[in-house]
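To start, the structure under review is shown below, and the notes come after it.
Throughout, a chain's letter reflects where its sequence line sits, starting with A, and its residues are numbered from 1.
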Protein chains: 2
Amino acid sequence: MASGVDSFYFLSLGFSLLQVVKCDCMKMVRQKIQIKKIDNLTARQVTFSKRRRGVFKKAQELSTLCDAEIALIVFSATGKLFHYSSSSMMQLIERHRGLSENSDKLGQPSLQLLKENNSYAMLSKMLVDKTRELRNFNRQLMGEELQGLDMDELIKLEKMVDGGLNHVVEAKNDKCLKEISLLKKKESKLMEENAKLKKQAEKSEGTGNGIEQSNSSDCTSNSRGSDTSLRLGLPFAN
Amino acid sequence: MASGVDSFYFLSLGFSLLQVVKCDCMKMVRQKIQIKKIDNLTARQVTFSKRRRGVFKKAQELSTLCDAEIALIVFSATGKLFHYSSSSMMQLIERHRGLSENSDKLGQPSLQLLKENNSYAMLSKMLVDKTRELRNFNRQLMGEELQGLDMDELIKLEKMVDGGLNHVVEAKNDKCLKEISLLKKKESKLMEENAKLKKQAEKSEGTGNGIEQSNSSDCTSNSRGSDTSLRLGLPFAN
DNA sequence: ACATCTATGTTTAGGCT
DNA sequence: GAGCCTAAACATAGATG
């Protein structure tokens, strides 16, 4: 809407007959606020809710746009916790601790500490690399990070993923067939049993006791998974 | 400035002499961006710098306005650390730990490790986990680790990989078409030039100097990659 | 890499439901 | 609270120095 009004208007001809009236008909709705604690409790809560969402959104955007790793922890005045992290909160906190620990100690760090810190830094870097690797691959599969690649790379990637897909489909088909054959076996067994029972019933028909077979529906209960992505250990989980 | 233009203008009198011309003289300066990793490195760095400042400002404002306690940790893609906390970072992190340790996922370091506060050990464990995660995924795509999965999981995996394949193929086709059209353009340009040169040659035929055009063959040199898997940052590399 | 500018795009204060 | 609306305030993409 703003874009419609925001453009410039030129009057191509001006006899003094015409007059341009600037109309500020709406009363002022919003004024600049100063950054200090909001007095009114409800207003403060509302603002907290609104701005909190804003900050989290900005943090996520920054992480996505610029490939940054971000951890954000917010406690409301009432003690409620809100948090976000682009990867693992723990990992980020640990890295932070490792890096800012140096500045804690003003005294001379011992050789021991130096060594530790050194390998710590290395470990930290390796972890970062692994995390990024995982994230990049995710992005490539999700189709985000594909514009930067040239034909050679795309073809290579396609072959790789296609191969993976084949493997998965193969395994799936295999599993499927096995499960089907298993079920068929079960079925024939049951039918056999069923027939036997019917015969028996016919023999002793004096009681009038009709036996019906219930198609046991839980024979595939093992294919009921809880959280698949968790069990798969896939990077897509987050 | 915007406020001056944003108001409404009424023309109080209109003989048909007057004319209001809407003028969109300026070219579009800014377009809506989508939230995905910025391709261009420098643009990404600039955006990181700008937006980082924005997020930190927002966090501080939220803290001040609403009396909230906030900890914000940001690692740039290059590993540089930026952080802010409204009070004590350690205190906030500890509080966060205390509250969120219940929801500890399986993949996270054990409570024992946490209690020992041994960040080195923890980092080490996280690295191992990440590596395992990556390796598992590799194996799944390579078809090694698929027997353990049941139908549901396999189908989910298939969908995921299939989706990824689609993305890749799409990107590839896109790139391919673009490259082809570019080459065609170049071709027609060259042919035009060629024709011109021929004409010239015919005109000044006295010298007998036949001009031949060399079809520049390196116009696609950008699609020559060195080690693809490395540049892709794929887990398949090892 | 940083500062500045400007024209947007986005957030949000204040109001209402 | 949570959601919606509007217009003012604010953030920032893209360009430039």
Side-chain angles (χ1 to χ4, degrees), chain A residues 1-10 22-68 70 72 74-82 84 147-148, chain B residues 1-10 22-68 70 72 74-82 84:
Chain A
M1 195 257 213
S3 66
V5 183
D6 236 4
S7 322
F8 294 92
Y9 288 85
F10 288 141
K22 184 178 173 187
C23 174
D24 280 334
C25 34
M26 302 299 175
K27 67 182 172 193
M28 234 216 324
V29 186
R30 179 183 177 181
Q31 56 216 332
K32 182 171 175 174
I33 64 157
Q34 46 184 328
I35 304 302
K36 67 174 195 63
K37 181 172 167 184
I38 297 171
D39 291 326
N40 184 310
L41 174 65
T42 46
R44 189 162 69 236
Q45 286 176 333
V46 170
T47 295
F48 176 71
S49 174
K50 285 180 174 179
R51 275 177 174 260
R52 175 172 46 78
R53 255 176 273 160
V55 173
F56 276 91
K57 186 168 172 227
K58 289 273 180 196
Q60 281 173 258
E61 289 183 352
L62 180 59
S63 159
T64 308
L65 285 170
C66 307
D67 208 24
I70 300 185
L72 176 55
V74 174
F75 283 99
S76 76
T78 59
K80 205 159 183 301
L81 168 65
F82 305 84
Y84 157 78
Q147 306 84 333
Chain B
M1 196 255 208
S3 66
V5 182
D6 234 6
S7 322
F8 294 95
Y9 287 84
F10 289 132
K22 183 178 174 187
C23 175
D24 280 334
C25 36
M26 302 300 175
K27 67 182 174 195
M28 245 232 299
V29 185
R30 178 183 176 181
Q31 54 213 331
K32 183 170 174 173
I33 65 157
Q34 46 183 330
I35 303 302
K36 66 175 197 60
K37 181 172 166 183
I38 296 171
D39 290 325
N40 185 306
L41 174 65
T42 47
R44 189 162 69 237
Q45 286 175 332
V46 171
T47 295
F48 177 72
S49 176
K50 285 180 173 180
R51 275 178 174 261
R52 175 171 46 78
R53 255 174 273 160
V55 173
F56 276 92
K57 189 171 169 222
K58 289 272 182 198
Q60 282 172 258
E61 290 184 353
L62 179 60
S63 159
T64 310
L65 285 169
C66 306
D67 206 22
I70 300 185
L72 176 55
V74 175
F75 282 98
S76 77
T78 59
K80 204 158 184 302
L81 168 66
F82 306 84
Y84 157 78

Exercise for the section: Indicate whether OP1 or OP2 belonging to dG14(D) is found under 4.0 Å from a side-chain N or O atom of Gln31(B). Expected result: yes
Handout entry: Under-4.0 Å side-chain N/O to phosphate OP1/OP2 contact, Thr47(B) with dA13(D)
Key = yes
Problem - Any donor-acceptor pair under 3.5 Å from Ser63(A) side chain to Ala59(A) backbone - result: no
Handout entry: Donor-acceptor pair, side chain of Ser49(A) and main chain of Gln45(A), under 3.5 angstrom
Key = no
Handout entry: Rounded interatomic separation in angstrom, taking CD1 from Ile33(B) and C1' from dA11(D)
Key = 11 Å
Problem - Earlier contact from the 5' end, DNA chain C, for Lys50(A) and Lys58(A) - result: Lys58(A)
Completion exercise
Arg53(B) atom CZ is separated from dT12(D) atom C1', nearest whole Å, by 11 Å
Problem - Over all atoms of both residues, closest heavy-atom pair of Lys37(B) and Asp67(A) - result: NZ-OD2, 3.6 Å
Exercise for the section: Return no unless some side-chain N or O of Arg51(B) is found under 4.0 Å from OP1 or OP2 of dA13(D). Expected result: yes
Exercise for the section: Take the protein atom CD of Gln45(A) and the nucleotide atom P of dG14(C), then report the distance between them rounded to whole Å. Expected result: 16 Å
Handout entry: Base paired to dA1(C) (Watson-Crick or G-U; both N/O distances under 3.5 angstrom)
Key = none
Problem - Rounded interatomic separation in angstrom, taking CD from Gln34(A) and P from dT12(C) - result: 18 Å
Exercise for the section: Mark yes when over 12 heavy atoms from residues, nucleotides or ligands other than Lys36(A) sit less than 6.0 Å from its NZ; otherwise mark no. Expected result: yes
Exercise for the section: Spell out, as yes or no, whether a donor-acceptor pair under 3.5 Å connects the side chain of Arg44(B) to the backbone of Asp39(B). Expected result: yes
Practice task
Between Lys32(B) and Leu65(B), just flag the one whose closest nucleotide in DNA chain C comes earlier from the 5' side.
Solution key: Lys32(B)
Problem - Protein-nucleotide distance (Lys57(B), atom NZ; dT11(C), atom C1'), rounded to Å - result: 12 Å
Exercise for the section: Test for a donor-acceptor pair under 3.5 Å between the base of dT12(D) and the side chain of Arg30(B), counting only N and O atoms. Expected result: yes
Handout entry: d(CZ, Arg52(B); P, dA11(D)) in whole Å
Key = 15 Å
Practice task
Find the distance Phe48(A):CZ to dG14(C):P and express it as a whole number of Å.
Solution key: 18 Å
Practice task
Mind calculating the distance between CG (Asp39(A)) and P (dA13(C)) to the nearest angstrom?
Solution key: 15 Å
